[in-house]
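Below: one structure, written as structure tokens.
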Protein chains: 2
Amino acid sequence: MHTVYELQQLIEKAIPNIEYPKHPKNLYEPLTYIMNLGGKRLRPALVLIATDMFNGDIMQAMPAALAIETFHNFTLIHDDIMDNAPLRRGKLTVHEKWGTNNAILSGDVMMVEANKQLAQVDSSILKDVLNTFNATAEGVCEGQQLDMEFETRDNVSIPEYIDMIRLKTAVLVGGAMKLGAIIARAKHEHAESIYSFGENLGIAFQLQDDILDVYGDPEKFGKQVGGDIKSNKKTFLLLSLQQRLSAEDHVVLEDLFINETDSKVESVTSLYDKYQIKALATAEMQRYLTKAFDALNQIDIPDSQKSQLTQLANELMNRES
Amino acid sequence: MHTVYELQQLIEKAIPNIEYPKHPKNLYEPLTYIMNLGGKRLRPALVLIATDMFNGDIMQAMPAALAIETFHNFTLIHDDIMDNAPLRRGKLTVHEKWGTNNAILSGDVMMVEANKQLAQVDSSILKDVLNTFNATAEGVCEGQQLDMEFETRDNVSIPEYIDMIRLKTAVLVGGAMKLGAIIARAKHEHAESIYSFGENLGIAFQLQDDILDVYGDPEKFGKQVGGDIKSNKKTFLLLSLQQRLSAEDHVVLEDLFINETDSKVESVTSLYDKYQIKALATAEMQRYLTKAFDALNQIDIPDSQKSQLTQLANELMNRES
């Protein structure tokens with residue numbers, strides 16, 4: 001068994017060695033650019049962790065791991081266009097640096113590059129790998145579509161929100177782990193269980209992100225605390241608050257949305273406190289975490305083989321940033 | 001052997017039956033919309049023609065044929081964004097109807113749908129099919145990138161132009177036919193020869209398009225004659241003219257570019273006539289057509305099996321629109 005850190009390092013070393021075609025330069029340079037902006041490489045590491053856990057050969061899983069990371073970065077290029085985002089990890093986004101048309105096309109060819117990497121897996125499991133990958137990719141697009149649509153809708157329900165984060169974030173976590181299991185030739189039911197583990201962990205992770213955005217330690221939280229509040233983002237916290245508000249506090253909240261003030265973050269947070277939204281969100285997060293570990297417990301392999309994954313999940317869920 | 005018309009009809013019937021997911025509605029509706037705007041369905045028909053020619057089962061080739069048509073339509077959605085085109089086949093483009101962000105994302109998921117269709121081919125040939133498809137998709141993106149870059153470059157050479165149309169148009173023609181050959185389990189060298197036939201035919205086809213834009217019969221040509229001239233598009237004709245112009249006529253042409261007049265199409269056409277550019281372009285087109293048929297002749301199967309393809313190629317090259 002390899003440690004998570006060792007697997008992340010393997011990915012980190014492999015990424016600069018990916019060879020994209022050289023010409024046309026402006027088409028392919030953005031791929032190298034965004035792939036080398038850094039990041040924790042968690043998604044591709046999860047492919048390798050799952051392969052390792054089922055006693056597979058992690059080097060056989062490397063193309064799929066790189067396909068997952070490539071696909072993820074392709075979605076970042078296109079999401080940044082749609083969100084009109086100027087920066088990504090403190091650097092110019094691809095569309096800011098190369099222009100929107102170029103960014104659309106570099107994203108497109110990046111999805112092709114992900115498929116090329118994926119096509120390197122052993123023929124005997126290729127169809128299964130493709131079906132998993134394509135279902136995942138479809139889900140991620142659906143999640144982004146819902147996320148965009150929610151911005152202009154004012155009747156988003158909590159189940160709809162959970163489904164959106166499941167699609168936008170969690171299916172890729174589940175899909176990455178299922179790919180790793182398939183490559184290790186794990187039993188079909190084990191592959192399904194590890195998918196379920198990943199998907200539920202992904203939902204818990206995103207819920208925790210919603211909580212940290214409000215309650216994170218400003219010293220440790222990577223992003224600006226209160227960013228979601230400032231942008232009126234419909235998170236689990238906001239949707240839960242809106243369901244519980246008294247008529248009077250409803251007016252207060254509406255007023256905070258309309259008349260932007262310096263104390264907006266503080267004022268919305270006071271409302272969250274008043275209605276105990278943090279406890280509610282934490283309970284919801286815990287519920288998905290329990291689902292995740294229930295799925296992991298379904299897998300009848302020695303606990304020692306699950307230790308890296310358990311440790312990673314615990315670290316992720318106790319993070320402060 | 002099936003006639004080309006029969007195969008086109010098969011495709012035409014299969015397209016409305018493709019089932020895309022239903023939700024989110026705005027993500028998937030554009031796929032059905034653009035796929036049903038019509039068209040000659042030549043690219044998917046070429047997959048089936050190639051399978052039929054090598055005595056394969058055309059129904060086995062249908063998923064790959066639909067993947068090719070789906071991929072082609074995905075490129076139309078994204079190209080129309082990049083070109084800022086309001087109309088496609090006389091109807092609103094996807095980005096005009098659903099907005100640019102939606103169109104980017106619907107295009108993305110459409111590429112995933114193409115990959116899903118492709119993943120349905122028999123496992124024994126799946127890797128070969130994927131490698132061909134991905135190389136084709138990569139080429140098409142490269143071609144679109146070059147086409148965009150050429151708009152703002154003033155030193156485009158003729159070999160660069162030919163390479164651009166090869167990538168943007170011809171590799172998909174070649175790739176479609178190679179897929180059909182692979183699915184029919186044709187010999188490797190036959191699959192390569194049919195690719196070469198398709199690629200060279202695609203280049204000839206595009207050169208003919210350049211010619212028809214200027215010399216087409218306005219009554220029969222589907223698009224407006226002179227459209228390329230009006231938009232100063234660097235076609236084979238324009239690039240050839242620029243190489244041959246006297247210093248004096250160079251000034252005349254530059255002036256036509258800068259001071260738009262009603263007689264621009266007529267005036268540029270006169271220059272084409274003066275320097276016999278039509279004959280030059282026709283000779284170049286003929287050169288690629290000969291290359292195409294040389295490749296077809298390499299395939300040692302009875303001529304009767306090639307008859308549909310030969311007939312189609314002749315029809316295409318003698319078209320007036």
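Chain identifiers are assigned alphabetically (A, B, ...) following the order of the sequence lines, protein sequences preceding nucleic acid strands; residue numbering begins at 1 within each chain. Only this structure's heavy atoms are used, side chains among them; waters, hydrogens and symmetry mates stay out.
- Here the CG-OG distance, from A/D128 to B/S123, works out to 9.5 Å after rounding to the nearest 0.5 Å.
- Across B/M148 and A/N101, no two heavy atoms sit closer than the pair SD-CB, 3.8 Å.
- In this structure the side chain of A/L130 never reaches within 4.5 angstrom of the side chain of B/K116, judged on heavy atoms.
- Heavy-atom distances place the side chain of B/Y28, and not its backbone, under 4.5 Å from chain A.
- For B/N26, the parts lying near chain A are the backbone and the side chain together; criterion is any non-hydrogen pair under 4.5 Å.
- Under the 4.5 Å side-chain criterion, counting only non-hydrogen atoms from C-beta, B/L105 is not in contact with A/H78.
- Using a 4.5 Å cut-off between heavy atoms, A/N84 makes no contact with chain B at all.
- A distance of 12.5 Å separates SG in B/C141 from CE in A/M110, rounded to the nearest 0.5 Å.
- Distance check: A/Q145 CD to B/N102 CG gives 4.5 Å after rounding to the nearest 0.5 Å.
- In this structure, B/K127 and A/A119 approach most closely via the heavy-atom pair CE-O, 2.9 Å.
- Looking only at side-chain heavy atoms (C-beta outward), B/V112 and A/M111 come within less than 4.5 Å of each other.
- The environment of A/R41 atom CZ is dense: over 12 non-hydrogen atoms of other residues, nucleotides or ligands sit within 6.0 angstrom.
- With contacts defined as side-chain heavy-atom distances shorter than 4.5 Å, the pair A/D108/B/V140 does not qualify.
- Using a 4.5 Å cut-off between heavy atoms, B/Q120 touches chain A through its backbone atoms (N, CA, C, O) alone.
- Only the backbone of B/V121 comes within contact range of chain A, with at least one heavy atom under 4.5 Å from a heavy atom of that chain.
- For the atom pair CZ (A/F133) and CG (B/N115), the distance works out to 8.0 Å, reported to the nearest 0.5 Å.
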Given the rule in the side chain to side chain contact (heavy atoms under 4.5 Å, CB included) test, do B/V109 and A/Q144 qualify, once you have shown the distances and angles that lead to the verdict? CA-CA 11 Å; B/V109 87; A/Q144 170 67 5; over 6 Å; no
